[in-house]
Amino acid sequence: MSSSSRVHHFKLVLLGDTAVGKSCLVVRFVRDEFFEFQEPTIGAAFLTQTVQLDDSTVKFEIWDTAGQERYRSLAPMYYRGAAAAIVVYDITNPDSFTGAKSWVKELQRRGDPNVVIALAGNKADLDSRRKVEFEEANAYAEENGILHLETSAKNANNVKSLFVEIAGKLPKNPPQQEREAFPLMPAQQESRSCC
Amino acid sequence: MSEEGEPKKPTFDWLPEGMEPLADGEYDAIVMGTGLKECVISGLLSVKGKRVLQMDRNGYYGGDGASLNLSNLFEKFQAGEAPSNLGANRDYNVDLIPKFIMACGNLTKMLLHTKVTRYLDFKSIAGSYVYKGGKILKVPATPEEALRSPLMGLFEKRRFRKFLLYVDQYKEDDPKTYEERDLKTMTMRQLYEHFGLQPDTHQFISHAMCLQLDEKHMDLPALPTIKELQVYIYSLSRYGTSPYIYPLYGLGGLPEGFSRICAIHGGTFMLNQDVDEILFNDKGEAYGVKAGNMMAKAAMVIGDPSYFSSDKIRPTGSVVRCICILDHPVPNTNNAESVQVVIPGPQVGRVNDVFVCALGHSLQVSANGVYIAIVSTLAEKSEPDEDVAPGLQMLGPILKRFTSVTTTYEPTGDGSADKCFISKSFDGTSHFEGDCEDLLSLHKRITGEDLDMNINADSVEGDY
């Protein structure tokens, strides 16, 4: 199989304080929609969307926090197996930037050591109310070796680029997992045999 | 979406002076504890549109049935710092309660029904063993294994086969399959004798396949025990070498998966949040909880026994569990990565069986080269070490062990009068069948409806 037709699957998780626009970013990326009053959770186990790179296709399985970030009650299952994470803050809310830094720490503690992290300063359309300077966040991102972009889920600015940049940084030949684990499936029939 | 971070705290006219609302203040149900049963219930309630607040005094999901990393495990048993030679903390997911899932049992149906399966990957447990006459012998998984098995002599094997064929075709709703045996009145002992099976074979079938904990079932009607055997046989034929499956990264993934179902349907979660007081009105009905200067109100409170006062629960027994860290697989099990060994009580001069569950790195519960073996049984001796001794003896050298003695509880009421819906403690069996029965009962008491577990065999792709 040539590498151009290869589809790589990755789990991507969102992190960040309540109401910074995590779900809005996903909904913009996956469905190209925006709702001013997006429900706090998007009601889906996860959403999927592909990114076409020059030589391969990346398919993201995107997990939203579903509100479990509100009281810092995300389960280990959430972080497990995530190849990438987007840590979101709101450029009009300095507390959310402080929060983002603590989410990065949490991710480094609980996540996979090789997880690709992107810091997204969302609500960039509200520049007149900006409280977090681009340079400050960018310096923090550089220090920590993570991606940084300012995005607007509302006008779609940089949303696709965010995912494309992440896709570009993901390893395209991940080590094959040697486990023979399986997902549970319903039995086809009451097919049974007996000794 | 609001643009100012945390939304303003709502105010309520029922809130006393000086008190603040806990989370959103008003819910349909407050669930205390994040054990498997509590998480299944909160998941099912929120799917039905109920507003659920779920809280846990611990900083992790799972309650008594959590899977802990090394540092949490050592902290839980007050064993000091975890030694560094055991590998990375994050490699460990050690179950506090050792259980395996029957591949065709009720928990599997529940996982499929709720589509929690999409969050988990499973593996078959490699082998199921039984202790007999001082030896560890494999419970046969195929007709060929049964024929080679040293568990029975040649003629006994034929009788065993005949018995299993009968059980396999038996249907409770079809009298033609009874072959003139009424399993509702005939005892298990009579049924075994009907097939001419020897006492040694009774023991191995009852304990290693029907998973009876003691001999009580022998003089009771055979039907319930036969149903357990049917689940065992169907489960064995489902995935291969044993009837058990196990979720990678430990059993703690089960409550976590159900909690996510609840969360994506709007449930609120608070870890590290204890409850100081359950609030009752003058009719004795629970109407909310208090934690510090915060209060939340709900039509009912649900929880595991540890969140309720002693007048709401009564003790049912005592389970000894011993978590052992090994640097080798369980000896005499063909170096299996994962095994269950059943030690029938009568084999070692006990009333109750002793179970050994052992798991290795391929199940993602321990670092490479390290095995976790858990010995468990119902307490019947004065010293817990005496209770687990038959299991410990077969493990070889043990690097570290943690022993716990847990009193199990059940609720004194069904919740209709006091709006307190309380689960039973996890039982001492090596599987979840009894716990599922409790769960179904809890669901019925809470919602007034039987849980429909008809599996939707649709693909599990797409949005939920």
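Values reported hereafter were calculated over all heavy atoms of this structure, with side chains retained and with hydrogens, waters and symmetry mates removed. Naming convention: chains lettered A, B, ... in sequence-line order (proteins, then strands); numbering from 1 in each chain. Quantities reported herein were computed from a predicted structural model and do not represent experimental measurements.
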S.K.: Heavy-atom distance under 4.5 Å between the side chains of A:Trp63 and B:Tyr119, does that happen here?
M.R.: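 Result yes, sub-4.5 Å side-chain heavy-atom pair found.
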S.K.: On a heavy-atom basis, which atom in A:Arg70 and which in B:Ala23 lie closest, and how many Å separate them?
M.R.: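 Looks like NH2-C, 3.8 Å.
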S.K.: Would you say the side chain of A:Arg80 lies within less than 4.5 Å of the side chain of B:Leu248, judging by non-hydrogen atoms?
M.R.: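 No - every pair of side-chain heavy atoms lies 4.5 Å or more apart.
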S.K.: Within the side chain of B:Glu256, is there an N or O that forms a donor-acceptor pair under 3.5 Å with the backbone of A:Met77?
M.R.: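 Such a contact is found between B:Glu256 side chain and A:Met77 backbone.
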S.K.: Can you tell me if A:Gln68 and B:Ser259 form a side-chain donor-acceptor pair at under 3.5 Å?
M.R.: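 Per modelled atom types, A:Gln68 and B:Ser259 side chains form a pair under 3.5 Å.
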S.K.: Using non-hydrogen atoms and a 4.5 Å limit, figure out which bit of B:Leu363 sits close to chain A: side chain, backbone, both or neither.
M.R.: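 When you check distances to chain A, no heavy atom of B:Leu363 falls under 4.5 Å.
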S.K.: Could you tell me the separation between the CG atom of B:Leu271 and the CG atom of A:Leu74, rounded to the nearest 0.5 Å?
M.R.: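 B:Leu271 atom CG to A:Leu74 atom CG measures 9.0 Å (nearest 0.5 Å).
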S.K.: For B:Arg260, is it the side chain, the backbone, both, or neither that has a heavy atom closer than 4.5 Å to a heavy atom of chain A?
M.R.: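 The answer is both parts of B:Arg260.
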S.K.: Return each pair, listed once, that meets salt bridge (charged side-chain N to carboxylate O under 4.0 Å, His left out) where at least one residue sits in residues 93-121 of chain A; pairs must be two or more places apart or across chains.
M.R.: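 Listed by first then second residue: A:Glu106-A:Arg109, A:Glu106-A:Arg110.
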S.K.: Side chain of B:Tyr61, backbone of A:Ser73: donor and acceptor closer than 3.5 Å?
M.R.: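 Side chain of B:Tyr61 to backbone of A:Ser73, a donor-acceptor pair under 3.5 Å: yes, one is there.
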S.K.: Please classify the contact between B:Thr268 and chain A as side chain, backbone, both or neither, with a heavy-atom cut-off of under 4.5 Å.
M.R.: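 For B:Thr268, the contact with chain A is made by the side chain alone.
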S.K.: Of the listed residues (B:Asn69, B:Asp24, B:Leu120), which shares the most heavy-atom pairs with chain A below a 4.5 Å separation?
M.R.: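 With the most close heavy-atom pairs to chain A, the winner is B:Asp24.
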S.K.: Taking side chain as everything from C-beta outward and backbone as N, CA, C, O, which of these in B:Tyr239 sits under 4.5 Å from a heavy atom of chain A? Side chain, backbone, both or neither.
M.R.: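 B:Tyr239 touches chain A through side-chain heavy atoms alone.
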S.K.: Under 4.5 Å heavy-atom distance to chain A, tell me which part of B:Asp56 shows up: side chain, backbone, both or neither.
M.R.: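 Interface part for B:Asp56: neither.
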S.K.: State, with a plain yes or no, whether a side-chain heavy atom of A:Tyr71 is found less than 4.5 Å away from one of B:Gln273.
M.R.: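 A side-chain contact is absent here, since even the closest heavy-atom pair is not under 4.5 Å.
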